[in-house]
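Owing to the predicted nature of the structure, the values given are computational and were not obtained by experimental measurement. In the text below, chain A, chain B and the rest are named by the order of the sequence lines, each starting its count at 1.
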Amino acid sequence: MLDQRLLRDNPELITQQLGRRGMALDLGPLQQIARQERDLEQQRSDLQAEGNRIGKAVGQLIQSGAAPSSPDVQALRDQGNAIKHQVASLEEQEKALELQLREALSALPNLPSPDAPDGRSEADNIEIKRWGSPRAEAGLQEHWQIGERLGLFETERSVRIAQSRFITLMGAGARLERALISFMLDLHTSKGYCEVMPPILVNSASLTGSGQLPKFAEESFRCADDDLWLTPTAEVPLTSLHRDEVIAAEQLPLKYAAYTPCFRREAGSYGRDTRGLIRLHQFNKVELYWFCHPDHSAAAHQQITADAEAVLEALELPYRKVELCTGDMGFSAARTYDLEVWLPGAAAYREISSCSVCNDFQARRSAIRFKEGKNTRLLHTLNGSGLAIGRTMAALLETGQQSDGSVRLPAALVPYFGGDTIGAG
RNA sequence: GGAGAAGUGGCCGAGUGGUCGAAGGCGCAGCACUGGAAAUGCUGUAUAGGGGCAACUCUAUCGAGGGUUCGAAUCCCUCCUUCUCCGCCA
């Protein structure tokens, strides 16, 4: 959510910055509403002050012996009643404006950071670096072919259990998924992240707080009888972990690593990535999340990205780091790096992590502040995948495939998986 | 799921219609005392929004929302949460 004061005082800045995302906005009407609302508030509170004076005067009169039914008291009562009605009417108008304003503001995305590169789409993203030596021989299989051949997951039967875009991991496949989760959590907690296992059903307030609602309701699964949704990412419960809190400055940064399943409807992606582990309605992810001081969020963004990169490097998976342009960034982000892992079978880089700094955007929506001396200020939040588990498995299968049909796993994973090869012999 | 009790400031806790944003205590901060500290004393210590360069000032907030009243922490209604007992359960 953007600052209402910014809307009142400098809507041109918002228009200009959201223009970098490719939005054309006229905020004039909204600014009018914001100013009207402020004026109404002023009128209303002046009236209330008058009402309070009258109330006290009545009390004093009665206490000093005036009969409650005397004309003096009655006159004041009448005045009080008149004010009460005026206040009620002003309040009603004010609430209506406030609602309009909040709805409009909560549908606006974050302002991009000055450092974020301008651009219209994915095509304008900027490659920052490459790591590792991608395999590029001919005849490499895609992960779903390897998985099916080695019996690592069930595709057809999963449709019977749920529907398409769900997967059932079997045997070594299930074991590898579990190994990856443990490996990633251990790696992150060894660097000072606090491990979290949050609820994966979240309420509307939580989804609004991190930016998924109101605009992206169709992306999440909703429980019919409750105000609960299946979380699309651990970013949602982690943001709300400290919703409506004031945190002591000395405690910052708070760094969390959470493993959760994630649920996404993937509306509008029919026919894309229908095979294997790339695009599922349910997938596992280890998410990194920081609450930090505004002065340190830029450095924190580099760090959280490096922490995600460390997973790929420990798993010996070649990747590239891409900075998203303003036109391709997510709703809540001010600046984003994507990590794209090399899939030798598909011969393509695929997104496996997205690391964003949201500045105070989520903090304002979720009322998460910190106390610095006498001042209470909004803090900054960051999130990054560290990493998406299914896509990591896909990359491991394609990267580790050997001519005998087996898959060799990186050394770091051996203690977790309990072996260095899948499908040997 | 059934029955009962309770939700007040960072914490504990008083307050059942009138200058109550709220006694008292703890905690915290500053000052005094001290060689230094403890103890003690004094002072200060909620959040959000509006106005003002500022000192300051106005409004709202005693779980949430509505109602009664000139006036509500206090009375009424609805909801939420927590606790206790019973039942059920991985």
Side-chain angles (χ1 to χ4, degrees), chain A residues 1-10 30-102 104-106 197-209 223 225-229 237 240-252 254 261 360 362-379:
Chain A
M1 188 118 87
L2 303 176
D3 194 345
Q4 281 200 28
R5 275 169 292 209
L6 190 60
L7 174 66
R8 275 203 309 259
D9 303 335
N10 194 2
L30 206 55
Q31 182 191 28
Q32 274 309 108
I33 291 175
R35 291 194 160 164
Q36 252 180 326
E37 199 243 313
R38 199 231 344 238
D39 292 345
L40 279 175
E41 181 182 347
Q42 187 70 60
Q43 282 180 54
R44 193 213 65 221
S45 63
D46 286 350
L47 267 175
Q48 279 175 324
E50 178 62 18
N52 287 343
R53 277 191 288 277
I54 290 171
K56 279 180 186 171
V58 173
Q60 279 169 341
L61 272 177
I62 291 175
Q63 224 143 52
S64 62
S69 55
S70 70
D72 284 3
V73 174
Q74 193 54 49
L76 282 173
R77 278 186 178 165
D78 291 345
Q79 273 185 56
N81 260 326
I83 285 172
K84 191 162 61 170
H85 288 117
Q86 290 177 57
V87 166
S89 140
L90 286 175
E91 238 169 10
E92 203 176 314
Q93 297 172 49
E94 199 184 328
K95 270 187 186 167
L97 289 180
E98 208 182 298
L99 187 71
Q100 267 187 58
L101 198 59
R102 210 178 36 234
L105 269 179
S106 62
M197 198 169 280
I200 53 182
L201 267 62
V202 297
N203 57 35
S204 299
S206 296
L207 278 165
T208 306
C223 301
D225 295 330
D226 303 278
D227 177 31
L228 288 171
W229 308 63
S240 279
L241 189 60
H242 291 296
R243 180 148 48 87
D244 295 319
E245 285 189 25
V246 179
I247 296 164
E250 311 83 74
Q251 286 183 34
L252 299 178
L254 292 167
D360 62 11
Q362 293 179 324
R364 183 173 295 104
R365 289 176 158 246
S366 297
I368 310 172
R369 294 144 295 167
F370 71 102
K371 193 120 196 170
E372 188 176 49
K374 275 204 74 152
N375 294 322
T376 308
R377 296 173 57 194
L378 293 170
L379 48 71

Rounding to an integer number of angstrom, what distance separates [N] and [M] when you compare their [atom1] atoms?
{"N": "C58(B)", "M": "U68(B)", "atom1": "P", "value": "28 Å"}
{"N": "A14(B)", "M": "A6(B)", "atom1": "P", "value": "12 Å"}
{"N": "U47(B)", "M": "A22(B)", "atom1": "P", "value": "15 Å"}
{"N": "A72(B)", "M": "U81(B)", "atom1": "C1'", "value": "23 Å"}
{"N": "U74(B)", "M": "G9(B)", "atom1": "P", "value": "15 Å"}
{"N": "U45(B)", "M": "G25(B)", "atom1": "C1'", "value": "15 Å"}
{"N": "G4(B)", "M": "G17(B)", "atom1": "C1'", "value": "29 Å"}
{"N": "C33(B)", "M": "A38(B)", "atom1": "C1'", "value": "12 Å"}

Pairing residues for [X] by the side-chain hydrogen bond (donor to acceptor under 3.5 Å, both in side chains) criterion, not counting sequence neighbours:
{"X": "R377(A)", "answer": "E372(A)"}
{"X": "E245(A)", "answer": "H242(A)"}
{"X": "N203(A)", "answer": "S206(A)"}

Any residue meeting side-chain contact (heavy atoms from CB on, under 4.5 Å) with [X], in chain and number order, not counting sequence neighbours:
{"X": "Q100(A)", "answer": "I33(A), L97(A)"}
{"X": "Q31(A)", "answer": "P11(A), R35(A)"}
{"X": "K371(A)", "answer": "V246(A), T376(A)"}
{"X": "S366(A)", "answer": "T239(A), R243(A), I368(A)"}

Rounded distance (Å) that lies between atom [atom2] of [N] and atom [atom1] of [X]:
{"X": "R77(A)", "N": "C70(B)", "atom1": "CZ", "atom2": "P", "value": "6 Å"}
{"X": "D244(A)", "N": "G10(B)", "atom1": "CG", "atom2": "P", "value": "13 Å"}
{"X": "Q36(A)", "N": "G50(B)", "atom1": "CD", "atom2": "C1'", "value": "16 Å"}
{"X": "K56(A)", "N": "U69(B)", "atom1": "NZ", "atom2": "C1'", "value": "17 Å"}
{"X": "L40(A)", "N": "G49(B)", "atom1": "CG", "atom2": "C1'", "value": "14 Å"}

Is there a Watson-Crick or G-U wobble partner for [N] with both distances under 3.5 Å, and if so, which one is it?
{"N": "U69(B)", "value": "none"}
{"N": "A14(B)", "value": "none"}
{"N": "G36(B)", "value": "none"}
{"N": "A23(B)", "value": "none"}
{"N": "U84(B)", "value": "A3(B)"}
{"N": "A29(B)", "value": "U43(B)"}
{"N": "A55(B)", "value": "none"}
{"N": "A64(B)", "value": "U78(B)"}

Under-3.5 Å N/O pairs linking protein and nucleotides 43-48 of chain B:
unit_1: U47(B); atom_1: OP1; unit_2: K371(A); atom_2: NZ; d: 2.4

5′-ward residue of the pair I62(A)/D78(A) relative to RNA chain B:
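It is I62(A) whose nearest nucleotide is closer to the 5' end.
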Pairing of R364(A) and D360(A) as salt bridge, 4.0 angstrom limit
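Between D360(A) and R364(A) there is a salt bridge, with a charged N closer than 4.0 Å to a carboxylate O.
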Under 3.5 Å between N/O atoms: give me all the protein pairs with nucleotides 71-74 of chain B, atom names plus distance.
unit_1: G71(B); atom_1: OP2; unit_2: K84(A); atom_2: NZ; d: 3.3

Per-nucleotide protein contact string for nucleotides 51-63 of chain B, where B marks a base within reach and S marks sugar-phosphate only (heavy atoms under 4.0 Å, - for neither):
S------SSS---
Select base, sugar-phosphate, or nothing to describe what Q74(A) touches, counting heavy atoms under 4.0 Å on all strands.
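Here Q74(A) touches no strand at all.
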Select base, sugar-phosphate, or nothing to describe what I83(A) touches, counting heavy atoms under 4.0 Å on all strands.
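Answer is nothing: I83(A) stays at 4.0 Å or more from every strand.
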Which heavy-atom pair separates L378(A) from F370(A) by the least distance, and what is that distance?
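Of all heavy-atom pairs spanning L378(A) and F370(A), the closest is O-CE2, 3.5 Å.
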Which pair of heavy atoms, one from I83(A) and one from L47(A), lies closest together, and at what distance?
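That closest heavy-atom pairing would be CG2-O, 3.6 Å.
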Say you draw a straight line from CZ of R102(A) to CE of M1(A); how long is it, rounded to the nearest 0.5 Å?
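R102(A) atom CZ to M1(A) atom CE measures 7.0 Å (nearest 0.5 Å).
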Which pairs with one or both residues in residues 70-86 of chain A pass salt bridge (Lys or Arg N to Asp or Glu O under 4.0 Å), sequence neighbours excluded?
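Residue pairs passing salt bridge (Lys or Arg N to Asp or Glu O under 4.0 Å), neighbours aside: none found.
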All pairs passing salt bridge (Lys or Arg N to Asp or Glu O under 4.0 Å) where residues 40-55 of chain A contributes a residue, at least two apart
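For residues 40-55 of chain A, and leaving out neighbouring residues, the salt bridge (Lys or Arg N to Asp or Glu O under 4.0 Å) pairs sorted by first residue read R44(A)-E94(A), E50(A)-R53(A).
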Check whether any side-chain N or O of K95(A) sits under 4.0 Å from OP1 or OP2 of G66(B), and answer yes or no.
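For G66(B), OP1/OP2 do have a side-chain N/O of K95(A) under 4.0 Å.
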